[in-house]
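Below, read A as the first sequence line, B as the second, and so on, with proteins coming before strands; counting in each chain starts at 1.
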2 protein chains.
Amino acid sequence: MKYKILENPNCEDAYGLIEEALRKRATITIYACCKVNYEGRALSELNWGERIILIKPDGSFLIHQEKKVEPVNWQPPKSKTRGYIQDNNLILESHRRTPKELLTVEIRKVQYITYANIEDFEELEQAGYEKDMGDMIMEKPHMIEEGFKPTAREYSVEHGFIDILGKDCDNNLMILELKARKAGVSAVKQLKRYLTDFEDDDNDYLKECLVQKKKIRGLLVAPSLGEDAKELIEKEGIEFVAVNPPKELKRDKKVTLDAF
Amino acid sequence: MKYKILENPNCEDAYGLIEEALRKRATITIYACCKVNYEGRALSELNWGERIILIKPDGSFLIHQEKKVEPVNWQPPKSKTRGYIQDNNLILESHRRTPKELLTVEIRKVQYITYANIEDFEELEQAGYEKDMGDMIMEKPHMIEEGFKPTAREYSVEHGFIDILGKDCDNNLMILELKARKAGVSAVKQLKRYLTDFEDDDNDYLKECLVQKKKIRGLLVAPSLGEDAKELIEKEGIEFVAVNPPKELKRDKKVTLDAF
DNA sequence: TGCTACATATCGACC
DNA sequence: GGTCGATGTGTAGCA
């Protein structure tokens with residue numbers, strides 16, 4: 001990692017280092033006293049104070065205060081950064097075309113600037129999502145109940161997509177809504193809406209179901225259920241199945257599979 | 001701003017500086033080659049690579065790659081950070097109680113660490129939100145149309161809240177859904193759902209409306225409308241009113257008001 | 001503490 | 001370039 005650090009620079013030196021870093025497509029951090037203006041989708045102003053500025057080679061621009069995970073101001077990747085000197089202050093601008101957005105940072109005093117060319121070829125591997133849960137249920141449908149047979153995934157209805165469509169051992173239709181986290185009232189309402197949509201819709205599954213005089217069962221599949229949601233599923237005649245999302249990384253899974 | 005910078009430290013020195021910084025409740029940035037594991041609401045793993053670590057005095061913990069606005073891994077405010085040395089590597093852990101979440105950073109090589117006590121007493125002032133839009137319409141109802149009289153705000157119905165409830169000059173009921181950004185199909189559907197909820201609900205507004213044989217008008221209020229949404233409002237008999245969210249900071253507003 | 005809704009949401013996938 | 005949906009969404013407000 002090649003890096004450079006500049007402490008207590010004057011305005012011109014700070015400007016010079018930032019230009020150099022931008023040219024070299026390095027990642028820059030600045031500890032400085034600044035004032036920030038943003039105009040674009042919304043409008044904001046942040047008065048003089050000390051903050052940390054992070055500029056990435058992909059154009060991302062972040063300003064962090066000493067609190068919270070979220071930056072106080074930012075610009076997304078592909079934004080264009082430029083700097084100039086005005087009234088003996090260093091101004092940094094980050095500009096985006098669509099939508100038109102401009103972030104302006106007026107820097108009164110730089111404590112230090114660092115930049116480095118970061119080498120990172122890894123991507124985050126993760127698990128424990130709704131998609132993983134769907135994959136798992138398609139692979140092991142008995143997790144839902146004995147005899148469950150999935151027939152379709154991401155089945156389109158008026159207000160969205162039914163996560164998994166299938167049949168139980170008695171050939172009743174089953175409509176599954178998956179949630180990777182604790183399900184709330186909104187999840188129950190969503191499933192209810194899909195059930196209504198499905199019943200209003202003219203489709204082969206429904207026709208077959210009517211002909212064979214079978215039921216349509218709505219199932220909410222999630223690791224747990226909120227208190228309010230418990231009441232609502234009773235009322236709506238919806239069933240709940242407790243399933244935890246698989247917390248297994250794909251690489252680990254592969255290893256496990258390879259072992260067999 | 002008091003700060004300290006340590007370049008190319010060995011494991012022990014890096015550990016020492018971080019402990020010192022945590023004690024002093026400083027804001028820390030580390031450029032380092034590390035490996036990251038997260039387990040909590042989900043599960044993730046990030047293999048060896050160079051990243052920027054930011055630790056804030058409120059407990060926020062961020063790991064940034066050289067791309068994107070979002071950190072690749074993080075912990076929220078109030079998380080507890082601790083460090084230790086294992087196998088000649090520096091380990092940083094950030095721990096959260098509820099929900100139980102643990103972030104583990106294994107650092108192989110530190111390029112540099114800096115910490116500083118940041119002084120920032122300013123908060124972001126902003127404008128251009130749905131709430132501002134609601135305030136503006138309550139203050140200047142004629143923006144919607146001549147003779148519009150708001151009667152209720154955040155009126156609760158089955159699937160959510162009606163932003164503004166009111167009457168027109170002919171005493172017809174008006175149900176307003178506000179959006180601070182371009183409205184899409186989902187906004188129209190949301191309003192339609194609220195209209196249905198309202199008509200299904202047993203309330204005084206509705207009773208009065210029926211007695212006086214008045215209409216119920218649904219209005220979508222937003223700066224603009226997507227193409228698909230235009231078709232849908234036609235079909236659903238919903239009206240659209242173009243209103244831009246007020247992009248005026250409260251301080252500016254106050255000044256303006258003081259001037260009168 | 002828990003729940004709801006908003007955000008300059010961001011981000012990825014799909015069209 | 002848009003549209004749609006998931007997110008370890010984060011965050012504020014309120015019960």
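Distance, B:Tyr194 OH to C:dA5 P: 6 Å, rounded to whole Å. Taking atom CG of B:Asp132 as the reference point, atom P of C:dA5 lies 20 Å away to the nearest angstrom. Between the P atom of D:dT11 and the NZ atom of B:Lys131 lies a distance of 20 Å, rounded to the nearest Å. Straight-line distance from the CG atom of A:Asp228 to the C1' atom of C:dT4: 11 Å, rounded to whole Å. B:Leu124 has its CG atom 13 Å from the C1' atom of D:dT11, to the nearest Å. Distance, B:Glu154 CD to C:dC3 C1': 15 Å, rounded to whole Å. One atom, CD of A:Glu130, and another, C1' of D:dT7, lie 10 Å apart when rounded to the nearest Å. In this structure, B:Ile162 places its CD1 atom 18 Å from P of C:dT4, rounding to the nearest Å.
Sorted by residue number, the members of residues 61-75 of chain A with any non-hydrogen atom under 4.0 Å from DNA chain D read A:Lys68, A:Val69, A:Glu70. Within residues 33-41 of chain B, the residues that place at least one heavy atom under 4.0 Å from DNA chain D are, in residue-number order, B:Tyr38, B:Arg41.
Contacts of B:Lys247 with the nucleic acid, taken as non-hydrogen atoms under 4.0 Å apart, are absent. The residue A:Pro245 sits apart from the nucleic acid: no heavy atom pair falls under 4.0 Å. A:Pro99 comes within 4.0 angstrom of nothing in the nucleic acid, heavy atoms only.
Separating the P atom of D:dC4 from that of D:dG8 is a span of 22 Å, rounded to the nearest Å. Look at the C1' atom in both D:dT9 and D:dG5: the space between them is 13 Å, to the nearest Å.
Nearest nucleotide to the side chain of A:Thr98, out of D:dG2, D:dG5, D:dG1: D:dG1.
Tested against B:Leu225, the residues B:Val185, B:Leu232, B:Ile233 include a single side chain to side chain contact (heavy atoms under 4.5 Å, CB included) partner, B:Ile233. Paired with A:Ile63 under the rule side chain to side chain contact (heavy atoms under 4.5 Å, CB included), one option of A:Leu92, A:Val105, A:Ile52 passes, and it is A:Val105.
The residues B:Arg153 and B:Asp135 are annotated as salt-bridged, a charged nitrogen and a carboxylate oxygen being separated by less than 4.0 angstrom. Electrostatic pairing of A:Glu106 and A:Arg108 does not count as a salt bridge here, judged by no charged N lying under 4.0 Å from a carboxylate O.
Nucleotide D:dC14 is matched to C:dG2 when pairs are restricted to Watson-Crick or G-U wobble geometry with both distances under 3.5 angstrom.
Looking at heavy atoms from C-beta onward, B:Gln65 lies in side-chain contact with B:Arg51 at the 4.5 angstrom threshold. Side-chain contact between A:Ile55 and A:Leu22 is present, with at least one heavy-atom pair separated by less than 4.5 Å. Using a 4.5 Å heavy-atom cutoff, the side chains of A:Glu101 and A:Glu39 are not in contact.
Using modelled atom types and a 3.5 Å distance limit, the side chains of A:Tyr84 and A:Glu93 yield a donor-acceptor pair. A:Glu50 and A:Tyr31 are not linked by any side-chain donor-acceptor pair at a separation below 3.5 angstrom, with hydrogens and angles left out of the test.
Between A:Tyr129 and D:dA6 there is no side-chain polar atom (N or O) within less than 4.0 angstrom of OP1 or OP2. Taking side-chain N and O atoms only, B:Arg181 has no distance below 4.0 Å to OP1 or OP2 of C:dC6.
In this structure, A:Arg25 contributes its side chain and A:Pro57 its backbone to a donor-acceptor pair below 3.5 Å.
In terms of position on DNA chain D, the residue among A:Gly160 and B:Ser44 whose nearest nucleotide sits closer to the 5' end is A:Gly160. Of the two residues near DNA chain C, A:Glu227 and B:Gln190, the one whose nearest nucleotide lies more 5' is A:Glu227.
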